[in-house]
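Note on naming: letters A, B, ... go to the chains in the order of the sequence lines (proteins, then strands), and numbering restarts at 1 for each one.
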There are 2 protein chains.
Amino acid sequence: MTTGDDAGPIIQLGASERLGARPALTARELADLIGVSQSTVSRAFSKGTSVSPKTRAFVLEQAEKLGYRPNVIASFLSRRASSIVGVVTADFTSPVYIDMLDRLSVRMQELDIHPLLFNLQAGAEAGDQLAVLRQYNIETVIVISGRISHMSVARWAADGRKVILMNRDIPDAAIGSVRCDNSASSLVADHLWEIGLRRVAFVGGPESSAVSAEREQAFVRRVAELGMILCGREGGREYSHQSGFDGTRAVMASRPEAILYATDRLAIGGLDALSWSGGLSVPGDVSIVGFDNIDMACWPGIQLTTVHHDVPRIVDGAIELLQQIQNGREGPRKHLVKGGLVVRATTGPAKA
Amino acid sequence: MTTGDDAGPIIQLGASERLGARPALTARELADLIGVSQSTVSRAFSKGTSVSPKTRAFVLEQAEKLGYRPNVIASFLSRRASSIVGVVTADFTSPVYIDMLDRLSVRMQELDIHPLLFNLQAGAEAGDQLAVLRQYNIETVIVISGRISHMSVARWAADGRKVILMNRDIPDAAIGSVRCDNSASSLVADHLWEIGLRRVAFVGGPESSAVSAEREQAFVRRVAELGMILCGREGGREYSHQSGFDGTRAVMASRPEAILYATDRLAIGGLDALSWSGGLSVPGDVSIVGFDNIDMACWPGIQLTTVHHDVPRIVDGAIELLQQIQNGREGPRKHLVKGGLVVRATTGPAKA
DNA sequence: TTGTAAGCGTTATCAT
DNA sequence: ATGATAACGCTTACAA
């Protein structure tokens, strides 16, 4: 039995679907169909143009009905600009950056702005990417990564691209940024002080990381103010679980009562070293604190005390900046989002 | 003190950088500059065109020197096709899908193919996206998600888009797919049998998930063949840690000696329920096995026995398919990548 | 307010 | 093998 002549297509599609395979309607065709000029169609679809509300409504209604949508490629060419936004990433292993990318890309789509993904490897540098940005007429670039060099960012900006940095900043008025307030790590010192701990240590990320440095600095300062003792300090080569694990083993030599980590991932590596693989009690033997409040931090078996990193609000800020830039509006270009301490089960008084 | 008249620009850039801000060179300008026709320039940059090797080399060399790069937007318009590839995602919480997106996007960039990201939310369906695919002249779509409905995929294909599915398949010759061999879960049954375990259970993902179903089926079949006892079975609403945690608690009522999970994430949820939060010994009291071999599986405190999911090879397959499609070559459109069992520390004989 | 026409920077079809 | 020239589907002066 064949399905060709009697059963019809196997997948049932509506009429408009079936037409799909034929080339999309153009503005000219729509214009001819509904009896207006092609430029009127174009104007109906762009805001800030002089069309009578009536004609615009008519055109949009007919377009909807006949399935017309402006071809953005032609529009980009004509306008010499594109609504594509470059999104630069490099840290797919960081839950926080992934979360940002997730939420950001969803929000962008709602606004009909589409993200072209530039996922840079360790080696890649600005030059190559810049050429691509130009080829696509991309005006705006959002950087979700701590690993792209400042130099790269500066070059994009110098080339006239608008740059929005997530989670970092370069002191330059032309470059927007939205970051969490890393100085919130001082709250950790207060918390540890209150539960009676005095000897503390810090385990950080790579020495080159500004995020780690800022979190450390605010913590160390508050520790000193409170008269607590910073007995140990370790850096790592990366922000990995293993790095947190190793850093913890190393820092334990100084017998701290509590350890602050630059990120939750490091802290969970520490939990592994101390508890899962180490046989110590957390917080009985040592308290540990992370930073970021990633999903994993509230798993039943983890319950990590940490500093909340408000990703949704950071993404809100980036979207706002994006619209501000695209509309040529003025306004503050640097956003700082506050976090707060989330106390869970990995901090507590030392056991007697 | 001002920097305006004496100190020069703060960021020093080379000459070619400084020129950056001015509009990019066009083919016409380059042609005039080096004394050939504009079409010769165009030909030099497209393969399969008739230019003498000599002229092509000359043009490319001069282009390199003068910083010319063809504007892809104009090229897309003229060719009525774009080298942009739509990458559709929906599961940013799944480490495997994230890993795929990471590797895939890096590989694509090496080939000068750029991914436009479509990160669909739970609610979003095919129709809206289809319009955008058309607006961008996007011919090829790669789907990295189990949550996009078959219907959506069928609609894109019916509209003439080439679709590549990662980690799933739709039996339709027009749709490419690259997946891991989910039947490798039968190896788990063999392994458990060999170490002397007889009572086993399965904890899966959502009932609607084909991946979970396939993994379960191959396991269950082998369990039956070996004469082992499938004493319990739980599904979940999602592939989350909590779901693995809850499913484990539920399935323990049937007193299994070992549990296979549809994914590593679920298995780690199980480890939490049993060991971290549950006070049982793994594998002393129960053995557990995951599927995927995500990074976390080899953390010191986890050491999960699992089935390897070869993401790099799956990405290789997708890239191959992509090139095959873009070059109009024929060839097999369905790839199945083998995995293998990785025995770590969460499986072992029951303690006496 | 609306229509006409000249680009935008390519590719592709002609001649030569 | 190379050079004119007409699309490609828009935006945007300029005219009406």
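- Interface limits on DNA chain D: the 5'-most and 3'-most nucleotides within less than 4.0 Å of chain A heavy atoms are D:dG9 to D:dA13.
- Residues satisfying the ring-ring contact (aromatic ring centres under 6.0 Å, His included) test with A:H335, not counting sequence neighbours, are none.
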Return a table of donor-acceptor pairs under 3.5 angstrom between the side chains of residues 41-48 of chain B and protein atoms on other chains or two or more places apart.
| residue | atom | partner | partner atom | Å |
| --- | --- | --- | --- | --- |
| B:S46 | OG | B:S42 | O | 2.8 |

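- Atom-to-atom, CD1 of A:I34 to C1' of C:dG3 comes out at 14 Å; the value is rounded to the nearest Å.
- A ring pair (Phe, Tyr, Trp, His ring centres under 6.0 Å) check over residues 313-334 of chain B, counting only residues at least two apart or in different chains, returns nothing.
- Not a single donor-acceptor pair under 3.5 Å links the side chain of A:K162 to the backbone N or O of A:A157.
- Using a 4.0 Å heavy-atom criterion, one finds that B:S52 contacts the sugar-phosphate atoms exclusively.
- Contacts of B:E61 classified as side chain to side chain contact (heavy atoms under 4.5 Å, CB included), with partners at least two apart in sequence or in another chain: none.
- Residue pairs satisfying the side chain to side chain donor-acceptor pair (under 3.5 Å) criterion with at least one member in residues 81-92 of chain B, sequence neighbours excluded, are listed as follows: B:T89-B:N119, B:D91-B:S145, B:D91-B:R147.
- Applying the salt bridge (charged side-chain N to carboxylate O under 4.0 Å, His left out) test to pairs two or more places apart or on separate chains, those with a residue in residues 99-119 of chain B are B:D99-B:R103, B:R107-B:E110, B:R107-B:D316.
- By the side chain to side chain donor-acceptor pair (under 3.5 Å) test, B:S39 is found to be paired with B:S37, residues two or more places apart in sequence or in another chain being considered.
- Judged as a side chain to side chain contact (heavy atoms under 4.5 Å, CB included), and not counting sequence neighbours, the contacts of A:A81 are A:R79, A:E139.
- With sequence neighbours excluded, no residue satisfies side chain to side chain donor-acceptor pair (under 3.5 Å) with A:R333.
- The end-to-end axis angle of the helix from C:dT1-D:dA16 to C:dT16-D:dA1, rounded to 10 degrees and based on five pairs per end, is 40°.
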Dump every N/O contact between nucleotides 9-13 of chain C and the protein below 3.5 Å, one line per pair.
| residue | atom | partner | partner atom | Å |
| --- | --- | --- | --- | --- |
| C:dT10 | OP1 | B:Y68 | OH | 3.1 |
| C:dT10 | OP1 | B:N71 | N | 3.1 |
| C:dT10 | OP2 | B:A27 | N | 2.9 |
| C:dT10 | O5' | B:Y68 | OH | 3.4 |
| C:dT10 | O5' | B:N71 | N | 3.4 |
| C:dT10 | O2 | B:S78 | OG | 3.1 |
| C:dT11 | OP2 | B:S42 | OG | 2.2 |
| C:dT11 | O4' | B:S78 | OG | 2.4 |

